[in-house]
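Structure record follows, encoded as structure tokens.
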Amino acid sequence: MKIHSVSTRYSWSFVCMTSLRDRAQLMTNTRCFGRNFVTASSSLPPVQLPAQREVHFWYVLPDEVKSTNLLNQYLEILSPCEKEEIFRIREEQLKKSALLARALVRTTLARYQTKCQIDPKSFKFKKNNYGKPEVDWQSADDWSLPPLHFNISHTSSLIACGVAVGSPIGIDVEEKQRRLKNDILAFAQRFFSPHEIETLTHIADPELRLQEFIKLWTLKEAYVKALGKGFSASPFKTFTVRLRDHMKGDIHALRHVIYKAPDITVEPSVDLKNPSSNWEFVLLELAGSHYAAVCIEQDSIDPGSKSGNGSMPINLTLRKTIPFVEDECISANDSAVVIGGLARLAVCD
Amino acid sequence: MASLAQSSISLPSLSNRPLVPRAGFSKPSSVSLSISGRNFPSIALQSRGRQFQVRCAAKPETVEKVCELVKKQLALPEGSAVTGESKFAALGADSLDTVEIVMGLEEQFGISVEEESAQTITTVQEAADMIDKLLESKA
């Protein structure tokens with residue numbers, strides 16, 4: 001007996017299918033009037049949409065959100081169904097984490113309508129056939145937004161939301177120091193591809209091996225989440241993620257040796273159902289404490305994407321946020337580093 | 001939470017004859033089926049909107065053992081409420097935790113879980129059901 005269920009990958013999705021009554025109510029709530037509303041959403045500074053090959057990465061640190069008042073504000077923008085799900089969680093930290101995740105998605109998406117105010121509460125979400133949460137744009141026929149793609153990921157200490165236009169997106173974050181209960185190699189033998197197992201086996205230092213493991217894990221997670229077809233479509237063993245180290249240097253002037261972040265590629269081990277040459281990755285180190293992986297689809301009509309040498313980097317805009325309170329643009333000078341993939345940290349506009 | 005928006009169920013091909021439950025479907029909590037003289041363990045039917053979720057209930061001891069392992073994996077404090085209904089994610093598990101839990105269960109029960117199942121289990125009950133099913137097919 002096989003029961004197809006939704007993986008914990010999309011755990012904080014709380015998707016409640018839109019009922020007819022909800023739809024009717026939604027129609028009266030989503031008027032985007034083109035003048036300033038004195039609502040909570042007026043303290044969400046609007047943001048330009050990401051361009052092609054651009055990713056917006058928003059994250060919140062639960063430890064920075066302490067005010068009960070603020071948490072209540074977040075509760076207010078959730079749907080009744082989402083609220084119910086949160087109340088069912090018993091442990092306080094987990095409750096808070098779930099709340100922040102939903103609030104982060106709603107407030108982030110609300111920022112992208114620059115012409116008028118969108119009430120974050122008015123978003124409806126649905127799941128695709130495999131359980132991946134998406135915005136239900138059909139409920140939003142009043143707006144003039146192109147379909148945004150988003151994906152969330154969280155650890156107990158960081159909750160992130162990635163946004164892209166024109167490409168599905170998958171993200172995953174993990175604490176760098178996260179310990180496994182199992183032995184890393186035993187775990188890899190069980191779940192990773194042969195090449196990845198080999199890579200890990202060749203790293204002698206346990207700390208470095210753990211870090212490499214986590215990098216691979218986040219990249220693999222981000223890929224499967226970007227694909228949006230659930231784990232069944234791409235079990236971890238069936239594809240290989242490679243980080244190829246690069247050193248580019250001018251042999252005539254060694255002081256100008258440029259370190260280029262490793263290229264990241266993904267290859268299917270067996271099947272060609274998911275042509276994987278179309279996927280691009282970025283791997284970040286955040287605040288010295290987390291790895292974050294982002295996966296988006298290459299634009300097939302982008303002239304830069306076809307040639308190996310001339311690929312254009314992905315522009316990644318990184319923002320730490322406390323929704324309704326403050327946004328901080330994180331540049332490459334701060335504790336955020338691109339450690340894999342062809343990408344650069346763009347300045348926020 | 002990750003709720004089942006769609007469930008697809010394929011019952012084993014014993015049913016050349018239609019299943020005839022003794023109880024009606026209107027408000028079922030538990031139905032026991034008898035086919036070809038063989039009694040199946042009680043099947044719990046839950047209606048979720050228009051769809052039904054059918055599962056063969058695992059032994060309580062299995063559920064208990066899964067709870068213990070989950071508590072250990074997630075380092076939950078003593079006395080944490082973990083039951084069959086508990087969803088891993090609601091207990092703080094992310095996808096890596098879930099896979100670790102599955103690996104721990106494989107070792108503990110001496111079973112081998114399908115790749116696809118490893119990350120699609122979301123509750124203690126689902127894990128226990130899967131374990132008992134695998135143990136049964138091994139026996």
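Predicted model, so just to flag it, every value in this text is computed and none were measured. Throughout, protein chains are lettered first and strands after them, A, B, ... in sequence-line order, and every chain is numbered starting at 1.
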| said: Heavy-atom cut-off 4.5 Å, strictly under: side chain, backbone, both or neither for A:Q93 against chain B? | reply: neither
| Least distance between heavy atoms, A:I86 atom then A:L99 atom | CD1-CA, 3.4 Å
| field | Partners meeting ring pair (Phe, Tyr, Trp, His ring centres under 6.0 Å) with A:Y291 (sequence neighbours left out) | value | none
| query | Most heavy-atom pairs under 4.5 angstrom with chain B, which of A:E174, A:R88, A:E91? | reply | A:E174
| task | Can you sort out the partners of A:F213 under ring pair (Phe, Tyr, Trp, His ring centres under 6.0 Å), two or more places apart, ordered by chain and number? | result | A:F187, A:F192
| Result of checking A:F125, A:W58, A:F123 against A:F150 for ring-ring contact (aromatic ring centres under 6.0 Å, His included) | A:F125
| Structural part of A:R190 lying under 4.5 Å from a heavy atom of chain B | both
